[in-house]
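First listed ligand is number 1; within each ligand, the first listed atom is number 1. Computation of the quantities below employed the complete heavy-atom set of this structure, encompassing side-chain atoms and omitting hydrogens, waters and symmetry-equivalent molecules. Along the sequence shown, residues are numbered consecutively beginning with 1.
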Amino acid sequence: MQDPLNIQENVSLKQYTTFRVGGAARFFTDISGADSLKLAIRFAQERQLPYFILGRGSNVVFSDAGFDGLVIRIVSKSSFHFSENSCEVFAGSSLSALARESIHRGLSGIHLLSGIPGTTGGAVYMNAGAYGQEIADCIREVRSFDPETETTVSRSREECEFGYRRSVFQKNKEIILSAILEFQNGDPEVLKEEAAKVMKERKEKQPLEFPNAGSAFKRPAAGFPGALIEAAGLKGFTVGGAQVSEKHANFIINTGNASAQDIYDLSEQIIQKVRAHSGITLEREIIFTGKF
Ligand SMILES: Cc1cc2nc3c(=O)[nH]c(=O)nc-3n(C[C@H](O)[C@H](O)[C@H](O)COP(=O)(O)OP(=O)(O)OC[C@H]3O[C@@H](n4cnc5c(N)ncnc54)[C@H](O)[C@@H]3O)c2cc1C
C-alpha cells in the first residue's frame, strides 16, 4: 500500500526557509488536513522523535545540523471561502494571497499585511502584523488540532490570547488548521492604494534583495530595535555570511553563503552590544530551531 503520508528522508531545509540556510530534516512531509496531520504526529511519536510544524519558513532558522525528527509542512492551496464579510481560510494558504483577495472584494482589515510572505497558519501563530494591522484584529475563530487528545478545537479570538507577536498556540502546541476572519467594508480602490503604498515602502526600506526572515527582533517596551541596533554602531556588522542590513538595521541578511550558525551568532552579538550600549535587552522574533 502506498504511504499516504509520503514521508521523505534527509530533506534539505534550505529550500523551505526564506533565509535559505539550515541542515536536513531526518523526515519531512507535507500535510493539508487533520487526518494526515494525525498520522504524521503518530509517525513521530512511534519513533519517539520530535516534530516541528512549518509554514512558509519565513520566520524560522533551522540549525546547520538540521532537525533530527519530523518536519511537518502545512500546505493547502490558497482557496478561500468568502461569505459576505467573513472568510474561512486554511492554515497553509498564503497570507499575501488572502490579503489581495480581500482587497479585490472591498474588505478591509488585513490589506496592509500583503507583503508578509508566510502562511495564514504561521500568521495566526505569530500574530503577524504591520503598519498598524495585526491578523488578530480580524480573527473570529481559529480551528486547531490538539495532538494530545487527537481532537479539533475551536477557539474564539479571546481564547487565542493574542498579543504583540503572541498567541496561545505558542504555549499549547496545538496546530492551527483553519481560521475564520471577519472584515469591515471598504472601497477596493482605496484599499488597493493603501496596500500599494506600504508595498512601495517595504521595497524602499527593507533588504528584500537578500534572503532574510523579516524583523530579527521584537519591539521592546521603549524604542525600536532598528534604531537601537544602529545606535550601537552595528549597521553592516557581519558574522561570516550574515550581516546587519545597511538598509534596515532590524534585518539580518544572508549575503550569500551564511550558515544558520552565522545568523544565530550575529543575533547574539547584537543582543549583547545593544544591551551594553543602551541597557535594553532585545528579544528575538526569528525562531531558531535545533542546536545553536
Ligand atoms: C521579507 C519579510 C517580511 C516580513 N514582514 C513581516 C511583517 O511585516 N510582520 C510580521 O509580523 N512578520 C513579518 N515577517 C515574518 C513572517 O513572514 C511572519 O512571522 C509569518 O507570519 C510567518 O509565517 P510562516 O508560514 O512563514 O511561518 P513559519 O516561519 O514557517 O513558522 C513560524 C512559527 O509558526 C509556527 N507555525 C506555522 N504554521 C503553523 C500552524 N499551522 N500551526 C501551528 N504553528 C504553526 C511554526 O512552528 C513556527 O514556530 C516577514 C518575513 C519576511 C521574510
Side-chain angles (χ1 to χ4, degrees), residues 13 16-20 22 30-34 37 40-41 50-62 67 69-76 78 89-99 110 112-136 142-147 152-153 155 160 162-179 195 198-199 201-203 205-219 245 247-248 250-254 263 284-290:
L13 292 165
Y16 294 112
T17 63
T18 55
F19 247 129
R20 302 276 177 260
D30 281 343
I31 287 303
S32 59
L37 179 60
I41 291 172
Y51 60 85
F52 185 87
I53 305 297
L54 185 66
R56 181 68 218 296
S58 62
N59 208 38
V60 172
V61 172
F62 289 101
F67 187 73
L70 172 65
V71 171
I72 302 172
R73 188 170 68 127
I74 309 291
V75 293
S76 39
S78 293
V89 55
F90 293 98
S93 308
S94 151
L95 178 68
S96 294
L98 175 64
I110 58 163
L112 303 181
L113 307 187
S114 42
I116 300 179
T119 61
T120 307
V124 170
Y125 180 92
M126 294 299 299
N127 187 17
Y131 300 96
Q133 289 184 341
E134 285 180 337
I135 193 157
V142 175
R143 213 164 54 87
S144 56
F145 179 79
D146 181 344
T152 50
V153 183
R155 291 174 182 280
C160 292
F162 288 118
Y164 169 63
R165 301 295 172 272
R166 207 159 39 75
S167 74
V168 74
F169 305 103
Q170 296 171 14
K171 288 191 297 189
N172 68 14
K173 302 297 170 206
E174 286 169 17
I175 297 141
I176 298 148
L177 296 171
S178 62
V198 303
M199 285 305 281
E201 200 170 307
R202 276 183 188 272
K203 278 194 192 126
K205 295 197 173 157
Q206 300 181 356
L208 303 181
E209 59 280 25
F210 292 99
N212 69 79
S215 297
F217 297 96
K218 295 183 185 177
R219 241 180 12 240
S245 166
K247 212 168 171 185
H248 191 317
N250 196 24
F251 275 67
I252 294 177
I253 57 169
N254 175 358
I263 295 167
R284 291 182 183 89
E285 184 165 326
I286 299 168
I287 295 162
F288 288 89
T289 302

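- Taking a cut-off of under 4.0 Å to the non-hydrogen atoms of Ala130, the atoms of ligand 1 that pass are 8 (O).
- Residues Phe217 and Arg284 are in side-chain contact: their nearest non-hydrogen atoms beyond the backbone lie under 4.5 Å apart.
- The proximity of Phe52 to ligand 1, defined as any non-hydrogen pair under 4.0 Å, is limited to the side chain.
- For an aromatic pair to be called close, the ring centres must be under 6.0 Å apart, and Phe62 with Phe52 satisfies this.
- Under the 4.5 Å side-chain criterion, counting only non-hydrogen atoms from C-beta, Ile176 is not in contact with Ile74.
- Closest protein heavy atom to atom 24 (P) of ligand 1: Arg56 N, 3.5 Å.
- Atom 37 (C) of ligand 1 has as its closest protein heavy atom Gly122 CA, 3.6 Å.
- Distance from atom 5 (N) of ligand 1 to its nearest protein heavy atom, with residue and atom name: Arg202 NH1, 3.3 Å.
- For the pair Arg219 and Tyr164, the cation-pi test (distance below 6.0 Å, angle within 45°) is passed.
- Less than 4.0 angstrom separates some heavy atom of Leu208 from each of these atoms of ligand 1: 1 (C).
- For ligand 1, the atoms closer than 4.0 angstrom to any heavy atom of Met126 are 19 (O).
- In this structure, Arg165 has a heavy atom closer than 4.0 Å to ligand 1.
- Here the shortest heavy-atom distance to atom 41 (N) of ligand 1, taken over Ile175, Asn172, Ile176, belongs to Ile176.
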Lys247/Phe210 under side-chain contact (heavy atoms from CB on, under 4.5 Å): CA gap, chis, key distance, verdict: CA-CA 11 Å; Lys247 212 168 171 185; Phe210 292 99; over 6 Å; no
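- Using a 4.0 Å cutoff on heavy atoms, Gln170 does not count as a contact of ligand 1.
- Near Gly214, meaning under 4.0 Å from one of its heavy atoms, ligand 1 places the atoms 2 (C), 3 (C), 4 (C), 50 (C), 51 (C), 52 (C), 53 (C).
- A salt bridge (charged side-chain N to carboxylate O under 4.0 Å, His left out) with Glu285 holds for exactly one of Arg166, Lys218, Arg165; it is Arg165.
- Comparing Val60, Thr119, Leu95 by heavy-atom distance to atom 25 (O) of ligand 1, the nearest is Thr119.
- Of the polar atoms of Ser215, none of the N or O atoms is found under 3.5 Å from an N or O of ligand 1, judged by distance alone.
- Enclosure of atom NZ in Lys205 is not indicated, since only 12 or fewer non-hydrogen atoms of other residues, nucleotides or ligands lie within 6.0 angstrom.
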Residues Asn172, Arg155; criterion side-chain contact (heavy atoms from CB on, under 4.5 Å); working and verdict: CA-CA 12 Å; Asn172 68 14; Arg155 291 174 182 280; 3.3 Å; yes
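- In terms of the ring pair (Phe, Tyr, Trp, His ring centres under 6.0 Å) criterion, Phe67 has no residue partners (sequence neighbours excluded).
- Scanning the protein heavy atoms around atom 22 (C) of ligand 1, the nearest turns out to be Ser58 OG, 3.4 Å.
- Of the protein's heavy atoms, Gly129 O, 2.7 Å lies nearest to atom 9 (N) of ligand 1.
- A donor-acceptor distance shorter than 3.5 angstrom exists from the side chain of Asn127 to the backbone of Ala136, with no hydrogens or angles considered.
- What sits closest to atom 29 (O) of ligand 1 on the protein, heavy atoms only, is Asn59 N, 2.8 Å.
- The distance from ligand 1 to the heavy atoms of Ala123 drops below 4.0 Å at these ligand atoms: 21 (O).
- Near Leu54, meaning under 4.0 Å from any of its heavy atoms, are these atoms of ligand 1: 30 (O).
- Contacts with ligand 1 closer than 4.0 Å are made by side-chain heavy atoms of Ile287 only, the backbone lying farther away.
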side-chain contact (heavy atoms from CB on, under 4.5 Å) evaluation trace for Phe145 with Ile53: CA-CA 12 Å; Phe145 179 79; Ile53 305 297; over 6 Å; no
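- Taking atom 6 (C) of ligand 1 as the reference point, the nearest protein heavy-atom neighbour is Ile116 CG1, 3.8 Å.
- Taking 4.5 Å as the limit, some side-chain heavy atom of Ile135 sits within range of a side-chain heavy atom of Thr120.
- Using a 4.5 Å cut-off on side-chain heavy atoms (C-beta onward), Val142 and Phe169 make contact.
- Residue Ala213 touches ligand 1 through its backbone alone, judged by heavy-atom distances below 4.0 Å.
- Residue Tyr125 holds the heavy atom nearest to atom 35 (C) of ligand 1 of all those in Tyr131, Tyr125, Phe19.
- The protein atom (non-hydrogen) at minimum distance from atom 47 (O) of ligand 1 is Ile53 O, 2.5 Å.
- Checked by atom type, the side-chain pair Ser178/Arg143 shows a donor-acceptor distance below 3.5 Å.
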